[in-house]
Colleague: 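Below is a structure I'd like to ask you about.
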Amino acid sequence: MEVLSHIYKVLMELYGPQGWWPLIDRDTMTLRYHPGDYTPPSDDGELFEVIAGSILTQNTSWDSAASALINLAVMDALKPHRILSLDDAELEAAIRCAGFYRQKASYLREMAGFFLSLEGSTPSRKELLRVRGVGPETADSVLLYAYRKPEFVVDAYTRRMLAYLGIIAGDESYHRIKELFEKSIEPDFRVFQEYHALIVRHGKSYYRGRVHGEGDPLTEKLGDSCD
DNA sequence: AGCCAGGCTACCG
DNA sequence: CGGTAGCATGGC
């Protein structure tokens with residue numbers, strides 16, 4: 001799957017480093033990307049912020065999830081023990097704009113408890129998957145962007161793009177697609193972080209809505225690398 | 001007016 | 001086991 005390295009190169013040339021995961025700037029209370037800086041999250045607060053964001057953005061636009069995150073930050077509730085001490089009505093009201101707010105409130109609590117139980121250690125993928133509300137994509141997002149582990153994140157855009165480009169059929173399992181990337185890309189968490197972010201960036205332009213892939217510049221640039 | 005968004009769980013056969 | 005309804009608001 002040399003083609004996956006090629007796609008990475010082309011996407012990087014098109015868009016440049018994306019600086020994921022975006023973090024809240026406490027002064028302006030706005031989300032900020034940090035392209036080229038692979039040191040964050042720099043403390044437990046930012047680490048939990050990534051974790052909370054990965055739950056809030058499930059099947060939801062990032063802008064909606066971001067509003068919910070800001071709401072929590074303003075309430076100084078973007079930390080595990082505060083999430084656990086809020087009552088249902090408060091928590092649900094704060095994250096309502098992110099949709100599925102009852103589920104997500106419950107999921108945030110599950111994650112808060114789990115995070116505290118870690119006492120600073122890094123969770124395994126298997127442990128993360130045992131937390132209610134954490135599926136494969138969320139687990140990989142947390143490991144990749146919070147704990148900086150080289151776990152490739154597969155999302156809907158990834159599947160759609162590879163299917164359109166003829167690299168997969170489209171009905172492959174999450175694990176299968178994840179393996180495809182992990183076998184052909186060097187296991188560098190910085191590369192994995194950028195690659196997934198670039199796919200989302202590209203997907204927002206060409207793989208959202210009804211028609212997928214229309215006008216995708218990748219189709220022309222992949223001509224002579226058909227694996 | 002609908003369709004979609006950086007998915008997951010529970011339940012169905 | 002694989003497949004799918006339900007979850008819910010906000011933006012275009």
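Just so we're on the same page: letters track the sequence lines, and every chain starts at 1.
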Colleague: Reckon A/Val134 touches a base, only the sugar-phosphate, or nothing at all at heavy-atom distances under 4.0 Å?
Modeller: sugar-phosphate
Colleague: Under 4.0 Å between a side-chain N/O of A/Tyr101 and OP1 or OP2 of C/dA8, yes or no?
Modeller: no
Colleague: Atom CG of A/Leu129 and atom P of B/dG7: how far apart are they, to the nearest Å?
Modeller: 16 Å
Colleague: Rounded to whole Å, please give me the gap between CD in A/Glu172 and P in C/dG2.
Modeller: 14 Å
Colleague: Pairing donors with acceptors under 3.5 angstrom, does anything connect the side chains of A/Thr138 and A/Gln58?
Modeller: yes
Colleague: Taking 5.5 Å and 30° as the limits, would you call A/Trp20 and the base of B/dG6 a stacked pair?
Modeller: yes
Colleague: Is any side-chain nitrogen or oxygen of A/Arg208 closer than 4.0 Å to OP1 or OP2 of B/dC3?
Modeller: no
Colleague: So, do A/Trp62 and B/dG6 meet the stacking rule of ring centres under 5.5 Å and planes under 30°?
Modeller: yes
Colleague: In whole Å, what is the span from the CG atom of A/Asp171 to the P atom of C/dG2?
Modeller: 12 Å
Colleague: Using a 4.0 Å heavy-atom cut-off across all strands, classify A/Gln103 as base, sugar-phosphate, or nothing.
Modeller: base
Colleague: For A/Gly99, answer base if it contacts any base atom (sugar-phosphate contacts may also be present), sugar-phosphate if it contacts only those atoms, and nothing otherwise; contact means non-hydrogen atoms under 4.0 Å.
Modeller: base
Colleague: Separation of A/Leu128 atom CG from B/dT9 atom P, in whole Å?
Modeller: 12 Å
Colleague: Does the side chain of A/Lys178 come under 3.5 Å of the side chain of A/Ser173 through a donor N or O and an acceptor N or O?
Modeller: no
Colleague: Whole angstroms only, please: what is the CG-P distance between A/Leu108 and C/dA8?
Modeller: 13 Å
Colleague: Are A/Asp37 and A/Thr39 close enough that a side-chain donor and a side-chain acceptor fall under 3.5 Å?
Modeller: yes
Colleague: How many whole angstroms separate atom CZ of A/Phe100 from atom C1' of C/dA5?
Modeller: 11 Å
Colleague: In whole angstrom, give me the gap between the P atoms of C/dC7 and B/dA1.
Modeller: 24 Å
Colleague: For the residue pair A/Tyr38 / A/Glu194, report whether a side-chain donor-acceptor contact shorter than 3.5 Å exists.
Modeller: yes
Colleague: Between A/Ser205 and A/Arg201, do the side chains contain a donor N or O and an acceptor N or O under 3.5 Å apart?
Modeller: yes
Colleague: Is a side-chain donor-acceptor pair under 3.5 Å present for A/Asp216 with A/His202?
Modeller: yes
Colleague: Return yes if some donor-acceptor pair links the side-chain N/O of A/Glu46 with the main-chain N/O of A/Asp44 below 3.5 Å, else return no.
Modeller: no
Colleague: Check this one for me: any side-chain N or O of A/Arg160 less than 4.0 Å away from OP1 or OP2 of B/dA5?
Modeller: yes
Colleague: Which helical stems does DNA chain B take part in, if a stem means at least 3 consecutive Watson-Crick or G-U pairs with both distances below 3.5 Å?
Modeller: B:2-5 with C:9-12, B:7-13 with C:1-7
